[in-house]
Protein chains: 2
Amino acid sequence: MATRAPTSPRAPAARPDVAVLVVIFTVQADRLQVLLIKRSGDPFRGYWALPGGLLASAEAPDAAAIRKLGEETGVSDVFLEQLYTFSDLDGRGSVAVAYFALVDAQQAHLARRRAWLPAWFAVADLPPLAFDNASVIDYAFQRLRAKLDYSNVAYSLLPECFTLSQLQRAYEAILARPLDKRNFRKRMLSLGIIEPTGRVAAEGRHRPAQLYAFRERHPIMF
Amino acid sequence: MATRAPTSPRAPAARPDVAVLVVIFTVQADRLQVLLIKRSGDPFRGYWALPGGLLASAEAPDAAAIRKLGEETGVSDVFLEQLYTFSDLDGRGSVAVAYFALVDAQQAHLARRRAWLPAWFAVADLPPLAFDNASVIDYAFQRLRAKLDYSNVAYSLLPECFTLSQLQRAYEAILARPLDKRNFRKRMLSLGIIEPTGRVAAEGRHRPAQLYAFRERHPIMF
DNA sequence: GCAAAAGTGTTCTCTGTACACCCATGT
DNA sequence: ACATGGGTGTACAGAGAACACTTTTGC
């Protein structure tokens with residue numbers, strides 16, 4: 001703790017459980033998806049839930065979130081930030097520090113285990129969830145939408161090189177509305193968050209697209 | 001906890017200490033001030049620190065923050081929101097859920113006790129602080145500045161009725177820069193967050209000022 | 001009548017939005 | 001030649017910023 005209570009200088013409080021939760025988003029098939037894990041144990045056995053777990057002793061919540069993310073997707077060095085600290089999601093007085101992360105579906109390799117199997121689910125179409133995980137996901141979703149407008153977090157959703165159409169489709173999937181192509185390109189370029197690589201992607205029977213990259217692969221606000 | 005770790009279904013983790021911290025701001029004498037408490041116990045005996053303390057058993061962090069705020073200032077029903085969850089501020093692996101609150105200095109009555117004495121300090125001129133409380137205050141300060149621009153949080157800093165000049169001085173104290181009177185009034189009124197009460201305040205040897213009130217006394221974003 | 005703060009409009013710039021056509025390629 | 005997505009510019013509206021003088025009161 002950081003400051004003792006004046007009224008209880010040495011409170012012998014029973015310590016609450018402290019857990020970490022990670023809301024891991026990706027964009028795949030033009031839909032925003034979230035990683036869920038099928039619970040193999042009680043309570044809520046058989047329900048889907050967010051990855052997470054009790055804090056290992058002396059492990060900081062940030063470190064635990066990074067570890068969880070790595071365990072489930074194999075990725076690191078992506079956008080990951082603290083979301084909110086929820087209390088009593090389980091009805092038993094615990095405290096859960098929630099994080100949210102953005103990963104590129106191509107780079108993420110889900111753990112292939114028997115129990116506690118992970119899978120992607122479209123945020124717009126979630127299965128019944130354990131605990132109150134639906135509200136945690138909703139909170140993360142609102143935050144993601146807000147950040148998309150005033151930061152470069154999308155860098156974490158796409159491969160290093162991408163076309164402007166890919167980027168726009170990712171934005172549209174998250175914001176759930178169509179964006180104007182010209183305005184979108186103008187804005188992205190004028191904000192200076194991306195730059196052309198000079199390379200080109202020939203992907204279909206149509207004109208090849210210029211490939212772009214984010215200038216910075218860490219969070220920037222504007 | 002909300003979800004058990006797949007890899008450690010029944011982790012016997014040593015639970016970390018969980019504390020609550022509250023950064024309580026007010027505007028007084030045209031300066032942004034923060035409430036600090038003089039520590040009467042170790043560690044950091046004699047240093048100033050943020051009010052806070054260990055979570056009482058089974059008490060939710062939100063409830064503990066509300067309680068702390070009431071204990072130190074006597075007020076409730078003010079703007080209070082979760083700020084961030086810090087880890088290891090004390091170098092001993094604790095977790096501290098920080099909140100920040102805005103109070104009207106006129107309504108707040110500081111506890112008058114012998115030990116753990118509370119007092120206001122200008123944010124721009126803080127004494128040496130216990131633990132890493134300076135960075136918590138700084139974080140809260142940044143958040144407050146940001147919210148001032150896109151919310152009505154200031155409702156919590158002023159009495160129910162106030163003049164536009166008072167409101168502007170509060171904004172200027174927080175943002176630490178002068179604002180244009182006409183633009184400020186235009187904006188406040190066009191956002192529709194305040195309304196004239198019809199009453200008037202004759203306060204000096206000059207023209208009396210119209211009194212305004214916030215339309216909503218709860219947080220609104222725009 | 002003077003000191004002191006209250007109150008009030010207009011102009012300009014910039015940002016966001018709406019909108020439609022030609023281009024390069026594969027088949 | 002045609003189907004497919006890539007790529008481009010302009011005009012309008014609304015928001016924010018700059019800027020100075022008159023009004024009302026107490027003394």
Side-chain angles (χ1 to χ4, degrees), chain A residues 27 29-30 145-152 154 158-159 161-213 220-222, chain B residues 27 29-30 145-152 154 158-159 161-213 220-222:
Chain A
V27 173
D30 289 345
R145 282 193 171 181
K147 290 219 121 168
L148 214 53
D149 270 355
Y150 63 87
S151 79
N152 65 342
L158 295 172
C161 287
F162 51 87
T163 68
L164 282 175
S165 295
Q166 284 179 298
L167 182 61
Q168 184 175 340
R169 280 198 298 273
Y171 269 70
E172 289 174 335
I174 295 168
L175 299 174
R177 69 186 150 91
L179 300 174
D180 179 83
K181 193 178 8 172
R182 284 166 292 187
N183 294 338
F184 181 77
R185 292 156 111 89
K186 217 183 314 170
R187 182 165 148 85
M188 288 298 135
L189 290 167
S190 75
L191 286 175
I193 63 176
I194 58 174
E195 58 191 358
T197 61
R199 295 182 47 238
V200 138
E203 275 190 274
R205 52 173 185 167
H206 54 79
R207 176 174 176 177
Q210 180 67 239
L211 286 170
Y212 290 80
I220 294 184
M221 307 292 180
F222 40 80
Chain B
V27 173
D30 289 343
R145 281 193 171 180
K147 290 218 122 168
L148 214 52
D149 270 355
Y150 63 88
S151 80
N152 66 343
L158 294 172
C161 288
F162 51 87
T163 68
L164 282 175
S165 294
Q166 284 179 299
L167 183 61
Q168 184 175 340
R169 280 197 299 271
Y171 270 69
E172 289 175 334
I174 295 169
L175 299 175
R177 71 185 150 92
L179 301 175
D180 180 82
K181 191 172 21 166
R182 283 165 294 187
N183 293 337
F184 181 77
R185 292 156 111 91
K186 218 183 311 169
R187 182 165 147 86
M188 288 299 135
L189 290 166
S190 75
L191 286 174
I193 63 177
I194 57 174
E195 59 191 357
T197 60
R199 294 183 47 238
V200 137
E203 274 190 275
R205 53 173 186 167
H206 56 79
R207 179 172 174 177
Q210 180 66 239
L211 285 169
Y212 289 80
I220 294 183
M221 307 292 181
F222 38 79

Look for any protein N or O under 3.5 Å of an N or O in nucleotides 9-14 of chain D and output each such pair with its distance, or none.
residue	atom	partner	partner atom	Å
D/dT10	O4	A/Lys186	NZ	2.9

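- Regarding contacts with the backbone of D/dG5, every side-chain N or O of A/Ser165 stays at 4.0 angstrom or more from both OP1 and OP2.
- Atoms CG and CG, on A/Leu211 and A/Leu164 in that order, are 9.5 Å from each other to the nearest 0.5 Å.
- Computed from coordinates, the B/Leu164 CG to C/dG7 C1' distance equals 10 Å when rounded to whole Å.
- For B/Glu203, there are no side chain to side chain donor-acceptor pair (under 3.5 Å) partners at least two apart in sequence or on another chain.
- Both B/Ser190 and A/Tyr212 lie near DNA chain D, and the one whose nearest nucleotide falls closer to the 5' end is A/Tyr212.
- As a whole-Å value, the separation of A/Lys181 NZ from D/dT4 P is 14 Å.
- Residue contacts for A/Arg185: at a heavy-atom cut-off of 4.0 Å it reaches a base atom on one of the strands shown.
- Nucleotide D/dG16 holds its P atom 13 Å from the OH atom of B/Tyr171, rounded to whole Å.
- C/dG16 atom C1' lies 15 Å from atom CZ of A/Phe222, rounded to whole Å.
- The heavy-atom pair separating B/Arg182 from B/Asp180 by the smallest distance is N-OD2, 3.1 Å.
- Within the 3.5 Å criterion, the main-chain N or O of A/Gly198 finds a donor-acceptor partner in the side chain of A/Gln210.
- A heavy atom lying under 4.0 Å from DNA chain C marks the following residues of residues 194-210 of chain A, by number: A/Gly204, A/Arg205, A/His206, A/Arg207, A/Pro208.
- Note that the CG atom of A/Leu167 and the CZ atom of A/Phe184 stand 4.0 Å from one another [nearest 0.5 Å].
- No more than 12 heavy atoms of other residues, nucleotides or ligands shown are found within 6.0 angstrom of CZ on B/Arg199.
- Considering CE of B/Met188 and OH of B/Tyr171, their distance stands at 3.5 Å, rounded to 0.5 Å.
- Atoms CG (B/Asp30) and C1' (C/dA5) sit 14 Å apart, rounded to a whole Å.
- Between the side chain of A/Thr197 and the backbone N or O of A/Ala213, no donor-acceptor pair lies under 3.5 Å.
- The separation between B/Asp149 atom CG and D/dA15 atom C1' is 14 Å, rounded to whole Å.
- Between the side chain of B/Ser151 and the backbone N or O of B/Leu148, no donor-acceptor pair lies under 3.5 Å.
- To the nearest angstrom, C1' of C/dT8 lies 16 Å from CZ of B/Phe184.
- One atom, CG of B/Leu179, and another, C1' of D/dA15, lie 16 Å apart when rounded to the nearest Å.
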